Amino acid sequence: MTMTSARRRSHLSFTRFTIAKPHPRVNRLNCTAAVVNFNYRQHQQTPRRWQTIALTLHSHPTHQVAVNFSIDLRSVAVKKIHSDVNIAVELGMLAAEKMDVHHGGIRGLHERNVEEFMDARSGADDLVNGNNLVDAEGVKVRTVKLLASQNVGFESLPVQFVNKATKAGFVFNVLVIGETGIGKSTLINSLFNYDFKLPPGDYQHDSVTLDKHAFQLEEGSVRLHLTIIETKGYGDQLNMTDSCQGIVEYIDKQYEAYFQEESQVVRRLSDYKDTRIHVCLFLLAPTGSNVRALDLECMKLLSNKVNIIPVIARGDSLTKKELDSFKRRIMAEIHQHKISIYSFPEDDGQVADLNRKMNADVPFAVVGSSEVHEVAGHKARARVYPWGIVDIENEAHCDFTRFREALLRVNMDHLMQTTNLRHYEVYRDRRMTELGYGENEPQNFMETITRLRQTNEQKYRQKEEETRTSFVNKVREKEAELKERERELHSQFEHRKAEFSDHVLEINTQQTALQKEVEIFHRVKSELVNSQTGTIKGSKKK
C-alpha cells in the first residue's frame, strides 16, 4: 500500500523524533528488523481518556540508532513488526484501524507530521545504509533535518549576516587604465550616475602616476566605500618601457599591506580598510585595427594580479560592423598572447544565462557622458552630435547598460571574492614561500620556526664569514695600496731632496761668485776713487 492511501485511512500524529541508544536486548536483530516496545500510560490532558503508546524502533546495533515516537489510539495489538523504511506506513495502517477518525485534536495533522517524520527518518536511513559523511578527522557526520516543532532559531543566520554586513558597509576599489583623454573620468561618472568632479588629465607627465580618489556612497540602506584609482600619463611618453611597472608595484603594495595586517599577532581585519584592487577597467582606444603593443604588455603583466575587464572607449566612433570586427580582433590577440581576463561566472544558476550573454559581449563598447539631455521624452545621459543623439543607456547605441549591470548589479561580490580567493592567494603563497612556508614544509608552527631559525643561522654564519673574508681582503688591498703610495711619495721626496740640494749648491756657488765680484768691484772702486783724489790734489798745487 502506498503512502497516499495510508494518509487517507490514518490520522496518526508523530509528535517526537529523537536519537537514542538501542535497547540491549535487541542487539541480535538484523538491519531490516524493527521491534516495537510499548508501554501504556494514561493521557489526562483531554476530557476523554486516550491511551498513549511510547514506541521505540531499534535498527541494526552496529549503527547505534533508535527512533522514538508516540501515538494516541483507543487500543493496539502490536508486539513485533518486521519492516524496513516503510515501517511508518504499516504502523499508520494498523493504528488507523483502531483510532477514532473523528477526533478533532488529531484530524488534519497527519499529513504534515508524517512528512516530517519521514524526512527525519531519512537521516537515520542514511546511517543504516552507510551513506554518512566523514569530516577531515574521520569522524562520521550524520544529517538530521529538524522538524518544524523543533525550530531552534539558527535559520535566521543569513539575516544576521546580512544585517551585520549592511551595518559595516562594503568596500569596492576600481582601477581605471587608459591613455590621457580617452574618457576615464567620464566613464566613472556615468557608471555611478554622479559627477565626482575628478580632475582632468594633462600631458605634462614624465612618468605614469596613479591618482586616487575615495568616496562614501549610499544607496538605500547600503553604504559603499568606493575608491577610484586613475592612471595619469599612461602611454604619453616616448620611452614607454616602464609605463606598467608603477601600476604593478602599486597593486603588489596593496597586497603586501593586507598581508602584513593579516600576519600580525593581534589582527584587526574587521576594522581594516581593504585597499586591494577588485577590478581593473582597461580602456582601449577605438582604433578599429589592432591593440597597441603597450596595452597587450600591460594586460599581460596584470592578468595574474587583478580582475581585468577590457573596455572599448568611445564606442560610438565605429560603425556596428567595424565594432564587431574590432571586438573579434581584440579577443583573438588576447588569446594569442595568453592573457587571462575576468570571466563572469556561469556556474550560478540564477545568473548563468545572463553572465553567458555578458561574456559574449566582452570587450564592452561603451560611451560615457557627463551631460544630461532630453531623449525620447525622458532625461538621460547622452552625447549630442550634428547627426543625432547617442543615448548611453540605449542598448542599440552601445553596451554601457549591460556593462554596468554585469559589473555592479550582478557580479560585484564575485569580483571581491575572486580578488580575495584567487589573486591575493597567489601573492600570499609567493610571500609565504619566500618566508619558508612552502606547501611541502611541515605545518607545525614550532617546527617551522625551528627550521627557519636553523636555516637563518646557517645563512648568517655564512654571510658573516663572507663579510669577514671580504673585509680582510679589502684591508690587505688597502694596505698594499698605501704602501705603494708610501714608496712613491718617498721616492718623490728623495728626488725632490736631491734636486733641492743641487739647487742649494748652485745657489751657494753663484753666491760665492757674486761675493767675489762684489769684492773686486769694491777694490776697483776704491782704487779709482784714490786715483781721482790724487789727480785733484796735484792740479791744485800747480
Side-chain angles (χ1 to χ4, degrees), residues 169-180 182-201 208-219 222-234 244 246-255 257-258 272-284 295 298-299 301-313 340-344 358 362-364 366-370 381 392 399-420 422-424:
F170 301 90
V171 177
F172 193 59
N173 304 319
V174 182
L175 171 63
V176 188
I177 300 178
E179 61 187 36
T180 303
I182 201 171
K184 300 185 293 293
S185 301
T186 304
L187 177 61
I188 293 298
N189 293 339
S190 301
L191 269 176
F192 294 93
N193 199 24
Y194 183 81
D195 186 6
F196 292 107
K197 294 180 173 58
L198 302 177
V208 178
T209 60
L210 296 174
D211 201 1
K212 183 177 179 180
H213 309 277
F215 304 93
Q216 189 79 20
L217 306 183
E218 293 186 6
E219 186 177 47
V222 178
R223 291 184 293 109
L224 178 67
H225 184 82
L226 175 67
T227 302
I228 301 170
I229 302 96
E230 286 186 310
T231 57
K232 299 293 184 181
Y234 173 79
C244 304
I247 303 174
V248 174
E249 292 176 356
Y250 178 82
I251 295 175
D252 287 342
K253 183 179 179 181
Q254 311 315 310
Y255 285 145
Y258 191 87
Y272 178 75
K273 297 300 182 183
D274 192 1
T275 59
R276 296 173 296 177
I277 303 299
H278 296 124
V279 63
C280 171
L281 305 181
F282 208 106
L283 272 62
L284 304 174
D295 295 335
C298 192
M299 284 193 288
L301 293 175
L302 300 178
S303 59
N304 293 325
K305 296 179 178 294
V306 69
N307 301 314
I308 298 178
I309 300 180
V311 178
I312 302 175
S340 175
I341 63 174
Y342 176 75
S343 178
F344 300 109
M358 298 298 181
V362 175
F364 295 96
V366 301
V367 178
S369 176
S370 299
R381 289 179 177 265
I392 68 172
D399 301 333
F400 175 79
T401 301
R402 293 191 293 273
F403 169 62
R404 181 168 62 184
E405 183 176 8
L407 178 66
L408 303 181
R409 183 174 290 110
V410 180
N411 298 296
M412 179 182 286
D413 178 69
H414 188 264
L415 288 166
M416 300 177 185
Q417 294 298 324
T418 304
T419 298
N420 185 47
R422 177 185 170 188
H423 299 296
Y424 172 69

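Every value quoted in this text rests on a predicted model; they were computed, and no experiment measured them.
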Visitor: Looking only at non-hydrogen atoms, find the nearest pair between Cys244 and Leu301 and report the distance.
Guide: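 Heavy-atom minimum between the residues: CB-CD1, 3.9 Å.
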Visitor: If we only count heavy atoms from C-beta on, is the Leu284 to Val311 side-chain gap below 4.5 Å?
Guide: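 No, their side chains stay 4.5 Å or more apart.
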Visitor: How close do Thr186 and Ser369 get, counting heavy atoms only, and between which atoms?
Guide: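 Nearest pair, atom of Thr186 first, then Ser369: CG2-N, 3.4 Å.
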Visitor: The criterion is side-chain contact (heavy atoms from CB on, under 4.5 Å); which residues satisfy it with Ala214, sequence neighbours excluded?
Guide: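 By the side-chain contact (heavy atoms from CB on, under 4.5 Å) rule, Ala214 matches His225, Thr227.
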Visitor: Does the side chain of Phe400 come within less than 4.5 Å of Val367's, by heavy atoms?
Guide: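 Not touching, per the 4.5 Å side-chain cut-off.
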Visitor: To the nearest 0.5 Å, how far apart are CG in Leu210 and CD1 in Ile251?
Guide: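 Leu210 atom CG to Ile251 atom CD1 measures 8.5 Å (nearest 0.5 Å).
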Visitor: Quick one: does Ile309's side chain get under 4.5 Å of Leu407's, heavy atoms only?
Guide: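 They are in side-chain contact.
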Visitor: Which value, rounded to the nearest 0.5 Å, describes the distance between Ser343 atom OG and Met358 atom CE?
Guide: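 Between atom OG of Ser343 and atom CE of Met358 there are 12.5 Å.
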Visitor: Is the charged tip of Arg402 near the ring of Phe364: under 6.0 Å from the six-membered ring centre and within 45° of its axis?
Guide: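 The answer is no; the distance or angle limit is not met.
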Visitor: For a quick test of reading the model, state the closest non-hydrogen atom pair linking Cys280 to Ile177 and the distance between them.
Guide: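 Closest heavy-atom pair between Cys280 and Ile177: SG-CD1, 3.6 Å.
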Visitor: Exactly one of Lys197, Glu230, His213 should register a side-chain hydrogen bond (donor to acceptor under 3.5 Å, both in side chains) with Ser185. Which one does?
Guide: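 When side-chain hydrogen bond (donor to acceptor under 3.5 Å, both in side chains) is applied between Ser185 and each of Lys197, Glu230, His213, only Glu230 qualifies.
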Visitor: Is a side-chain donor-acceptor pair under 3.5 Å present for Asp274 with Tyr424?
Guide: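 There is no such pair between these side chains.
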Visitor: Indicate whether the side chain of Thr419 and that of Asn307 have a donor and an acceptor atom separated by less than 3.5 Å.
Guide: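 Looking only at side-chain atoms, Asn307 and Thr419 do form a donor-acceptor pair, the distance falling under 3.5 Å.
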Visitor: Checking Phe172 against Val279 for the side-chain contact (heavy atoms from CB on, under 4.5 Å) test, could you report, in this order, the C-alpha distance in whole Å, the side-chain angles of both residues, the deciding distance, and whether it holds?
Guide: CA-CA 9 Å; Phe172 193 59; Val279 63; 3.7 Å; yes
Visitor: Going from CD1 on Ile228 to CZ on Phe192, what distance comes out if it is rounded to the nearest 0.5 angstrom?
Guide: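 The CD1 atom of Ile228 sits 6.0 Å away from the CZ atom of Phe192.
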Visitor: Using modelled atom types and a 3.5 Å cut-off, is there a donor and acceptor pairing between side-chain atoms of Lys253 and backbone atoms of Val248?
Guide: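 No; judged by distance alone, with no hydrogens or angles, the pair does not exist.
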Visitor: Are the side chains of Asp413 and Phe170 in touch, meaning some heavy atoms are under 4.5 Å apart?
Guide: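 The answer is no, as the side chains (C-beta and beyond) never meet within the 4.5 Å cut-off.
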Visitor: Quick one: does Glu219's side chain get under 4.5 Å of Leu224's, heavy atoms only?
Guide: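 Of all side-chain heavy-atom pairs linking Leu224 with Glu219, none is under 4.5 Å.
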Visitor: Walk me through it: do Leu191 and Val174 pass the test side-chain contact (heavy atoms from CB on, under 4.5 Å)?
Guide: CA-CA 12 Å; Leu191 269 176; Val174 182; over 6 Å; no
Visitor: Where do Asp211 and Pro199 come nearest, in terms of heavy atoms and distance?
Guide: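 In this case the closest contact between Asp211 and Pro199 is OD2-CG, 3.7 Å.
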Visitor: Roughly how far, to the nearest 0.5 Å, is the OG1 atom of Thr418 from the CZ atom of Arg422?
Guide: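 One gets 7.5 Å once the value is rounded to the nearest 0.5 Å.
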Visitor: Testing the 3.5 Å rule here: is there a donor-acceptor pair between the side chains of Asn420 and Arg276?
Guide: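 Result is yes, a qualifying pair exists.
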Visitor: With the side chain counted from C-beta on, respond yes when Val306 and Phe282 share a heavy-atom pair under 4.5 Å apart, and no when they do not.
Guide: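 No, every pair of side-chain atoms sits at 4.5 Å or beyond.
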Visitor: Does Asp399 reach the main-chain N or O of Val366 with its side chain, forming a donor-acceptor pair under 3.5 Å?
Guide: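 No: the side chain of Asp399 does not pair with the backbone of Val366.
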Visitor: So among Val176, Asp295, Thr209, which one has a side chain to side chain contact (heavy atoms under 4.5 Å, CB included) with Tyr234?
Guide: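 In the set Val176, Asp295, Thr209, the residue that makes a side chain to side chain contact (heavy atoms under 4.5 Å, CB included) with Tyr234 is Asp295.
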Visitor: How far does CG of Leu281 sit from CD1 of Ile229, to the nearest 0.5 angstrom?
Guide: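 Rounded to the nearest 0.5 Å, the CG-CD1 separation comes out at 10.5 Å.
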Visitor: Between Arg404 and Asn193, is there a side-chain donor-acceptor contact under 3.5 Å, judged purely by atom types and distance?
Guide: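 There is no such pair between these side chains.
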Visitor: For Ile312 and Pro363, which heavy atoms make the closest approach, and how far apart are they?
Guide: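 Minimum heavy-atom separation between Ile312 and Pro363: CD1-CG, 4.0 Å.
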Visitor: Are Tyr342 and His414 close enough that their ring centres sit under 6.0 Å apart?
Guide: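 Judged by ring-centre distance (under 6.0 Å), Tyr342 and His414 do meet the cut-off.
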Visitor: In sequence, state the C-alpha distance, the side-chain angles, and the governing distance for Lys184 and Leu283, and then conclude on side-chain contact (heavy atoms from CB on, under 4.5 Å).
Guide: CA-CA 8 Å; Lys184 300 185 293 293; Leu283 272 62; 4.0 Å; yes
Visitor: Taking the side chain as C-beta and beyond, is there a heavy-atom pair between Ile277 and Tyr250 under 4.5 Å?
Guide: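 Yes. Closest side-chain heavy atoms under 4.5 Å.
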Visitor: Taking the side chain as every heavy atom from C-beta outward, state whether Ile392 and Ser190 have any atom pair closer than 4.5 Å.
Guide: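 The answer is yes, as the side chains (C-beta and beyond) meet within the 4.5 Å cut-off.
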Visitor: CZ of Phe196: more than 12 outside heavy atoms within 6.0 angstrom?
Guide: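 Atom CZ in Phe196 is packed in, count exceeds 12.
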Visitor: In chain order, what residues pass the side-chain hydrogen bond (donor to acceptor under 3.5 Å, both in side chains) check against Lys305, with sequence neighbours excluded?
Guide: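 For Lys305, the residues satisfying side-chain hydrogen bond (donor to acceptor under 3.5 Å, both in side chains) (neighbours in sequence not counted) are Asp252.
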Visitor: For Asn189 and Ser370, indicate whether the former's side chain and the latter's backbone hold a donor-acceptor pair under 3.5 Å.
Guide: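 Answer holds: no.
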Visitor: Can you say whether the rings of Tyr258 and Tyr272 are parallel (under 30°), tilted (30 to 60°) or perpendicular (over 60°)?
Guide: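 Judged by the thresholds at 30° and 60°, the geometry between Tyr258 and Tyr272 is perpendicular.
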